*Asks:* 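Below you'll find the structure I mean.
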Amino acid sequence: MSRTPLDTVEHAAGTPDVELPWAELGLKKDEYERVVEILGRRPTGAELAMYSVMWSEHCSYKSSKVHLRQFGEKAPQSDALLVGIGENAGVVDVGQGYAVTFKVESHNHPSYVEPYQGAATGVGGIVRDIIAMGARPVAVVDPLRFGAADHPDTKRVLPGVVAGIGGYGNCLGLPNIGGEVVFDACYQGNPLVNAGAIGVMRHEDIHLAKASGPGNKVILYGARTGGDGIGGASILASETFDDAKPSKRPAVQVGDPFQEKLLIECTLEAFAEKLVVGIQDLGAAGLSCATSELASNGSGGMRVTLDDVPLRDSTLSPEEILMSESQERMCAVVEPSKVDRFLEICDKWDVIATVIGEVTDGDRLEIFWHGGKIVDVDPRTVAHDGPVYERPYARPHWQDALQADDANKLPRPTTPEELKSQVLRLVSSPNQASKSWITSQYDHFVQGNTVLAQPEDSGMIRIDEESGLGVAIATDGNGRYTKLDPYHGAQLALAEAYRNVATTGAKPLAVSDCLNFGSPEDPAVMWQFAEAIRGLADGCLQLGTPVTGGNVSLYNQTGEAAIHPTPVVAVLGVIDDVARRTPVAYREEGQLLYLLGDTREEFGGSAWSQVVHDHLGGLPPQVDLERERLLGEILISASRDGMIDSAHDLSDGGLIQAVVESALLGDKGARLVVPDELDAFTFLFSESAGRAVVAIPRSEELRFNDMCGARGLPATRIGVVDGSASDAVVEVQGEFTLTLSELRTAHEDTIPALLA
Amino acid sequence: MTARIGVVTFPGSLDDRDSRRAIRLAGAEPVALWHKDKDLKQVDAVVLPGGFSYGDYLRAGAISRFSPVMGTVIEQAKSGMPVLGICNGFQILTEAHLLPGGMLGNDHLHFICRDQKLKVENAETAWTADYESGQEIHIPLKNMDGRYVADERTLDMLEAEGRVVFRYVVGGDTSHGHGHVNPDGYGNPNGSLRDIAGITNEAGNVVGLMPHPEHAVEPLVGSGRTDGLPFFTSILKKLVNA
Amino acid sequence: MARVVVDVMLKPEILDPQGQAVQRALPRLGFEGISDVRQGKRFELEVDGPVDDTALARIHELAESFLANTVIEDFTVKVEEVAEAGK
Amino acid sequence: MARVVVDVMLKPEILDPQGQAVQRALPRLGFEGISDVRQGKRFELEVDGPVDDTALARIHELAESFLANTVIEDFTVKVEEVAEAGK
Ligand SMILES: Nc1ncnc2c1ncn2[C@@H]1O[C@H](COP(=O)(O)OP(=O)(O)O)[C@@H](O)[C@H]1O
Ligand SMILES: [Mg+2]
């Protein structure tokens with residue numbers, strides 16, 4: 001078997017005419033030419049492998065960068081922000097010396113191909129981002145979107161995704177404290193599997209992805225490297241460098257949560273002993289990304305011997321090793337005197353760890369294979385100087401017609417019976433129904449610090465046992481609203497997540513997002529994307545909550561049909577004492593129900609318009625972020641001062657949905673009176689933003705009213721908590737009465753019936 | 001004087017820290033034990049915590065059972081040292097044959113997490129003395145492999161000897177299936193034979209159960225109830241009075 | 001009545017955490033000389049009627065579309081002697 | 001190098017919900033005539049050196065003490081032809 005000579009830097013310089021398969025690797029002609037220009041010669045195969053993955057849309061954000069800049073440019077002044085956009089995840093100061101890091105990412109496409117493993121490795125990836133910041137992961141969340149609930153493929157995708165998220169997260173010992181499940185035909189073929197994680201550390205433990213200090217060692221640890229996720233590199237290996245047939249490469253990655261659990265524990269132990277100078281997880285683009293980012297963020301260069309990488313598959317070529325996306329690996333930079341101790345800790349946890357290189361005092365990233373130098377690049381050109389596109393965008397021609405198709409003009413229920421039956425249809429519709437069939441497959445008790453989990457408005461974790469300091473997180477996104485108006489739709493997602501956090505009594509501090517859109521090459525999609533980012537950045541500025549990081553997922557489309565633009569927004573909040581948290585469930589009979597905020601006739605994009613009329617048109621609810629902030633302040637004060645016993649924000653499904661949920665959770669009934677200025681239909685189904693329903697002990701009514709009055713927040717008494725257990729009802733006076741058990745059946749049987 | 005209670009950490013243990021917290025809250029001294037050490041550091045009792053040791057990849061508990069620490073635990077348990085196995089710990093105890101029977105995947109094939117209603121059947125063991133026989137309690141349950149099975153003869157023996165310590169309370173409204181937010185936590189959550197949730201050995205010093213008492217020791221977190229605390233006060237009293 | 005066995009194994013290039021966990025435990029148990037372990041699934045199907053080519057073809061189809069996930073798994077179908085299972 | 005296969009199945013008297021789930025799905029997939037399905041595990045062990053009686057005896061021991069839990073499972077050990085796996 002004759003083998004062509006190793007494509008070293010020297011070889012490349014001497015063979016300028018060799019054709020490389022840059023197009024197969026996804027590079028455009030001008031991108032390839034830039035690589036040649038940067039290097040002053042043709043790249044080696046290994047260099048081409050690195051540039052091509054690092055300059056991909058996924059790693060370089062080439063289509064989105066110009067828009068994402070707004071998150072930095074418009075960032076509000078915030079004392080809380082310790083680490084902003086650009087690192088593995090942002091870090092926020094939550095007081096008492098604690099810092100919290102959190103981030104949301106997508107694993108959409110892999111989860112469609114292989115739901116279980118795709119979702120599982122999605123959780124694995126986001127958790128490694130959190131560890132890489134120096135934090136102990138303390139919780140995960142999973143915003144999910146699927147095709148129509150009754151579509152046969154949903155029965156394949158959803159149970160697999162849920163089992164995968166549970167299988168991985170449960171095995172890692174991370175409580176799952178929130179998320180979303182949305183069904184819409186637009187996600188058929190493009191389900192959205194987003195996963196978020198939160199980690200906690202002391203301020204002094206923050207770690208960054210940078211390699212500094214010449215002589216420091218680069219240690220790769222965790223799983224062995226296999227041929228995962230390297231379709232492109234295999235082309236390179238077979239066509240140019242080897243006469244043998246390419247060996248088979250996995251089409252799908254299998255996650256190993258046990259390995260990741262060991263990785264968490266041994267990394268945290270190394271942090272605790274202050275052994276780590278810089279650290280990076282291996283995710284997309286594997287070693288290409290880890291080495292070039294570590295090197296370019298640090299002060300020096302880096303030299304790596306690829307032969308030292310422990311392999312699962314001995315047939316891998318160097319290009320493949322560089323591109324491999326095998327899961328459960330990390331890369332640490334460690335001072336020489338601490339290497340032995342680092343390796344000892346890895347050994348204690350049965351984690352394979354290998355020194356693969358060192359930091360140099362030059363400014364080049366050099367990689368060797370079988371004694372030859374196969375990479376010699378300025379790492380910044382790989383990691384940071386990727387192409388940037390100003391993709392054309394244009395408001396789609398159909399946008400006006402869509403907005404003109406006013407949902408407020410749809411036929412409304414005319415009799416109490418009709419109203420009642422539409423309430424039942426709403427609370428039993430897949431999007432509004434209880435998700436407990438799903439969430440009961442997630443551990444929410446593990447780690448012993450879960451204060452609130454599903455189905456509360458936000459998840460809440462205690463982070464200090466003594467003081468009761470805690471953090472809360474909620475994720476929201478409404479593709480229907482965003483389709484109607486991307487700018488305001490994104491703001492509504494932000495507003496809802498913000499409101500959900502405040503409703504539980506926590507003060508919103510910071511934002512992470514996962515922007516799920518169609519193809520950036522479609523100007524209409526690009527317009528949605530640009531508008532959504534503009535809306536989100538403006539909104540964050542106004543609410544004082546900086547975006548600390550996030551993720552962009554493009555090309556979520558089948559043929560011409562893109563998904564609804566779906567920015568998912570996660571808001572992180574802090575609460576001084578978790579004993580003050582406000583839950584959703586009604587707790588005591590006799591407590592008064594108050595509706596906070598203004599209710600308008602707003603049905604565009606509403607759950608009612610979807611469930612009853614299968615309609616999407618008009619304008620989404622009005623956005624008033626000042627009102628959101630005021631509402632948030634009132635909810636937080638009320639919780640701190642013990643004025644409210646239950647609170648639930650109003651969002652899709654409107655007031656009746658919220659009341660039914662609070663009633664079912666507390667096993668208590670509610671009697672409602674329609675306020676004079678509203679008709680019953682609008683009162684029950686409108687989705688006006690900036691609202692919540694609270695339950696107030698009678699003794700607090702005066703004080704609470706005074707507070708709202710003084711600060712100018714409309715507060716309307718709408719009823720009372722009444723009736724317990726089996727004989728309880730939800731009654732809308734003069735309209736209808738539904739028993740809790742009727743409502744429970746409607747609300748809780750839908751999802752099991754579709755999926756079990 | 002207080003009692004020293006060891007909590008073993010296996011690779012993949014998840015609730016080890018929580019078990020230590022529960023021990024501390026009960027007033028005893030928690031001692032961290034490591035699976036590779038034979039040495040039990042002179043503890044008076046041992047808790048094998050929940051989690052997915054070795055990923056539960058072969059069978060839950062099957063690999064941990066062969067760890068060095070288990071050699072000593074098995075030996076000491078046979079001479080009377082109190083041992084509590086929670087969830088994965090229970091699975092390890094059956095794999096180690098310190099308790100009869102075995103654990104299999106839940107009959108509905110899903111992971112299940114909920115606040116489960118249990119009946120205390122035996123309040124005489126080292127770990128349950130602070131309960132009353134017949135008492136109904138709520139303890140969080142979360143597992144993939146929670147289905148207790150044994151042959152009929154073994155089951156009959158367990159019943160006859162009063163060695164079923166906890167049973168899932170069946171009844172109430174369970175018509176909504178396992179995914180139902182059943183506020184009362186009724187029902188057999190995994191298909192365990194005779195609704196068995198926990199058992200003990202002949203001497204009553206070794207107890208294993210699937211639900212997690214360490215997640216029900218503080219009113220604010222976990223299930224928000226404290227029904228699990230008596231496990232840890234029971235053992236403390238027993239050891240201190242011994 | 002006949003028994004058809006479908007064995008489903010992860011494709012060789014796919015990571016097999018289960019097999020690895022077993023293999024890593026072997027030295028601790030005092031077993032040497034086993035260089036690789038893979039863990040898969042075995043389905044035993046009791047088929048009414050004769051297991052002719054048509055029946056086998058259908059079971060093959062069943063294995064391909066349902067019992068195995070051919071994105072990550074390979075499978076084999078074979079008719080088994082009706083011997084008593086057991087050790 | 002040789003391959004030894006250990007098949008592990010739940011004892012017949014123990015409920016096998018995975019097998020049942022497969023069986024229940026069959027009519028939906030249009031498969032009739034399969035009266036029972038059981039799902040178990042298959043371990044493929046690559047053994048260095050010859051698979052003689054001593055080696056087999058040790059693997060039997062391994063299966064009995066480790067790969068199977070004989071309280072609930074039965075197992076069989078067999079040496080496999082070194083044919084290519086695959087469908
Ligand atoms: N996939 C999921 N994983 C975890 N929790 C979920 C998931 N889907 C929904 N939830 C939880 O169920 C509850 C209701 O969800 P949702 O109706 O979307 O809340 P909201 O309208 O308040 O944003 C929330 O507590 C949410 O966190
Ligand atoms: Mg909410």
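Proteins come first, then strands; the chains are lettered A, B, ... in the order of their sequence lines, and each starts at number 1. Everything quoted here is computed from the prediction, not taken from an experiment.
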*Asks:* For residues N69(C) and E114(A), report the shortest heavy-atom separation together with the two atoms involved.
*Replies:* ND2-OE2, 2.6 Å
*Asks:* Non-hydrogen atoms of chain A under 4.5 Å away: do they reach the side chain of L15(C), the backbone, both or neither?
*Replies:* both
*Asks:* Answer yes or no: is there a side-chain heavy-atom contact under 4.5 Å between V254(A) and P17(C)?
*Replies:* yes
*Asks:* Heavy-atom distances under 4.5 Å only: say whether Q259(A) touches chain C with side chain, backbone, both or neither.
*Replies:* side chain
*Asks:* Check for a donor-acceptor pair, side chain of R312(A) on one end and backbone N or O of E13(C) on the other, with a separation under 3.5 Å.
*Replies:* yes
*Asks:* Is it the case that over 12 heavy atoms from other parts of the model lie below 6.0 angstrom from the CG atom of D53(C)?
*Replies:* no
